[in-house]
Protein chains: 2
Amino acid sequence: MFEISDIILGALSKSPANGYQVRRRINSDFAHFQSVSTGSLYPALSKLKARGAITETGSANGSLDSRTFAITDLGRTMLRQKVQEAGAGERLRSDFLAAVYFSESAGPEETVRLIEERAGALNQEIRALLALPLQSMTNTERFTVRYALAVRRAGLEFLRHEGRAIATAIDIESRNNR
Amino acid sequence: MFEISDIILGALSKSPANGYQVRRRINSDFAHFQSVSTGSLYPALSKLKARGAITETGSANGSLDSRTFAITDLGRTMLRQKVQEAGAGERLRSDFLAAVYFSESAGPEETVRLIEERAGALNQEIRALLALPLQSMTNTERFTVRYALAVRRAGLEFLRHEGRAIATAIDIESRNNR
DNA sequence: CCACACATGTAAACTGTTACATGATTAC
DNA sequence: GTAATCATGTAACAGTTTACATGTGTGG
């Protein structure tokens, strides 16, 4: 299982960075499969340093309080091993599907609202993925982005095609039950 | 945010059940958006009971040690409210994409292995979704299953079409670098 | 000068999983 | 009789989020 510390290692495998930069890298470049908050970032950085997977080189950002981290050979070995041990699992937790699943009792407006909200979010995610520097990525990196795009586009298309239909269906059903 | 206890409430909104049955309902009928382990199930059931969202009727399973739970009116109100408050978020944590993203250093075999493993898992998930009793579902329930199917099929198709291509690309690249 | 981005960190709370522990029933 | 399924539960741990706390640099 990829933990936050492994993802951080991955972020630092590209180039050295300070904590803030690591966080931004993960929350933009890796946004299609991970995210981090400060609360897990800094403890994980300390842990990685203690293990020898990364080193801390002196602050490199002028007077701003900044620690710069770089991956070590040991860190690279650890990352490679993680990849070799990794399964191909994906864990999805969808508030959207849960809410829709139970939305019948709350009326068709709720279902429609949820579908529209999800469509909007998918749109934004697609834009963000398209804004990534696809040209300068490695083959495998680009592959993950294109996979994420394909999946999101399919979801969006489904919502656009079927969203209206279900609203009508619920509406008719509730009218018939009166 | 839908927590486990809300999902349990949703499961019990269909019909009364004991803990074991609730768990199976979630891990089969709701598998496309949630899962539960025993460690969270039983404490959550107790919490719901204490709050008055569910009641415990005497054991209804012969001599087997079994507690049967049923949703109350309060429970139904709570569930409806959850739906109304719910956002349309989806949180994905993909070991698959993480591993592929960082797999370049580990060689093309790893990338291919991951893609094949993911394809197999998607296939299984699709089968499981198709095995659900679509005919006897409500409109919104069926909608979630079809959405999940659309997304998984798109993922599988992408992997089938592009999986080979990327293996070749990495291979060529690594040969060129020699 | 004010707001926003940069930068680091901690503490409490929460949520959930894994593993363990136990035992009855059912199907082969 | 033995393996699988049914059934309940706890303890330890893992992982994370939220909120707090603090301060600098930059652009308008």
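Note that these values count all heavy atoms, side chains included, but never hydrogens, waters or copies made by symmetry.
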Item to check | Side chain of B:E3 - closest among C:dT15, D:dG9, C:dT8 | outcome: C:dT15
Do any side-chain atoms of residues 162-170 of chain A form donor-acceptor pairs under 3.5 angstrom with protein atoms, and if so which ones, sequence neighbours left out?
unit_1: A:E162; atom_1: OE1; unit_2: B:R146; atom_2: NH2; d: 2.6
unit_1: A:T168; atom_1: OG1; unit_2: A:R164; atom_2: O; d: 2.9

Next on the checklist: Please check if the number of heavy atoms outside A:E109 that lie under 6.0 Å from its CD is greater than 12.
Outcome noted: yes
Checklist outcome for this item: Separation of C:dT10 atom C1' from A:K47 atom NZ, nearest Å, is 17 Å
Item to check | Contacts of B:E117 that satisfy side chain to side chain donor-acceptor pair (under 3.5 Å) - sequence neighbours left out | outcome: B:R113
Could you go over nucleotides 17-21 of chain D and give all protein N or O partners under 3.5 Å, atom names and distances?
unit_1: D:dT17; atom_1: OP2; unit_2: A:S37; atom_2: OG; d: 2.7

Checklist entry - Whole-Å distance between C:dT25 P and B:Y20 OH? => result 15 Å
Checklist outcome for this item: From OH of A:Y42 across to P of C:dA11 the rounded distance in Å is 16 Å
Next on the checklist: List the residues meeting salt bridge (charged side-chain N to carboxylate O under 4.0 Å, His left out) with A:K49, not counting sequence neighbours, and say none if there are none.
Outcome noted: A:E56
Checklist entry - Heavy atoms under 4.0 Å, any strand shown: does B:R93 hit a base, just sugar-phosphate, or nothing? => result sugar-phosphate
Checklist outcome for this item: Picking from D:dT10, D:dT16, D:dT8, the nucleotide nearest the side-chain atoms of B:S66 would be D:dT8
Checklist entry - Separation of B:I7 atom CD1 from C:dT17 atom P, in whole Å? => result 12 Å
Checklist entry - Between D:dT8, C:dT8, D:dT10, which nucleotide gets closest to the side-chain atoms of A:R67? => result C:dT8
Checklist outcome for this item: note: A:N27, atom CG; C:dA5, atom P; distance rounded to Å ~ 15 Å
Checklist entry - What ring-ring contact (aromatic ring centres under 6.0 Å, His included) pairs are there with at least one residue in residues 104-138 of chain B, not counting sequence neighbours? => result none
Checklist entry - When the distance from CD of B:Q34 to C1' of C:dG16 is rounded to whole Å, what number comes out? => result 10 Å
For a quick test of your reading: what N or O donor-acceptor pairs under 3.5 Å do the side chains of residues 88-96 of chain B make, sequence neighbours left out?
unit_1: B:E90; atom_1: OE2; unit_2: A:S94; atom_2: OG; d: 2.9
unit_1: B:R93; atom_1: NH2; unit_2: A:F2; atom_2: O; d: 2.3
unit_1: B:S94; atom_1: OG; unit_2: A:E90; atom_2: OE2; d: 2.8
unit_1: B:S94; atom_1: OG; unit_2: B:F96; atom_2: N; d: 3.4
unit_1: B:S94; atom_1: OG; unit_2: B:L97; atom_2: N; d: 2.9
unit_1: B:D95; atom_1: OD1; unit_2: A:F2; atom_2: N; d: 3.4
unit_1: B:D95; atom_1: OD2; unit_2: A:F2; atom_2: N; d: 3.3

Item to check | Minimal non-hydrogen separation, B:F102 against A:V83, with atom names | outcome: O-CG2, 3.6 Å
Checklist outcome for this item: The complete set of salt bridge (Lys or Arg N to Asp or Glu O under 4.0 Å) pairs with one or both residues in residues 119-139 of chain B, sequence neighbours excluded, reads B:R118-B:E125, B:E125-B:R152
Checklist entry - In whole angstrom, what separates B:L45's CG from D:dT10's P? => result 12 Å
Checklist entry - Can a side chain N or O of B:N18 be found less than 4.0 Å away from OP1 or OP2 on D:dC6? => result no
Next on the checklist: Which residues pass the side chain to side chain donor-acceptor pair (under 3.5 Å) test with A:S15, not counting sequence neighbours?
Outcome noted: A:R25
Item to check | DNA chain D contacts made by residues 74-90 of chain A, counting heavy atoms under 4.0 Å | outcome: none
Checklist entry - Could you state the CD1-C1' distance from B:I8 to D:dG9, rounded to the nearest angstrom? => result 14 Å
Checklist entry - With respect to the phosphate group of C:dC6, does any side-chain polar atom (N or O) of A:R23 fall under 4.0 Å of OP1 or OP2? => result no
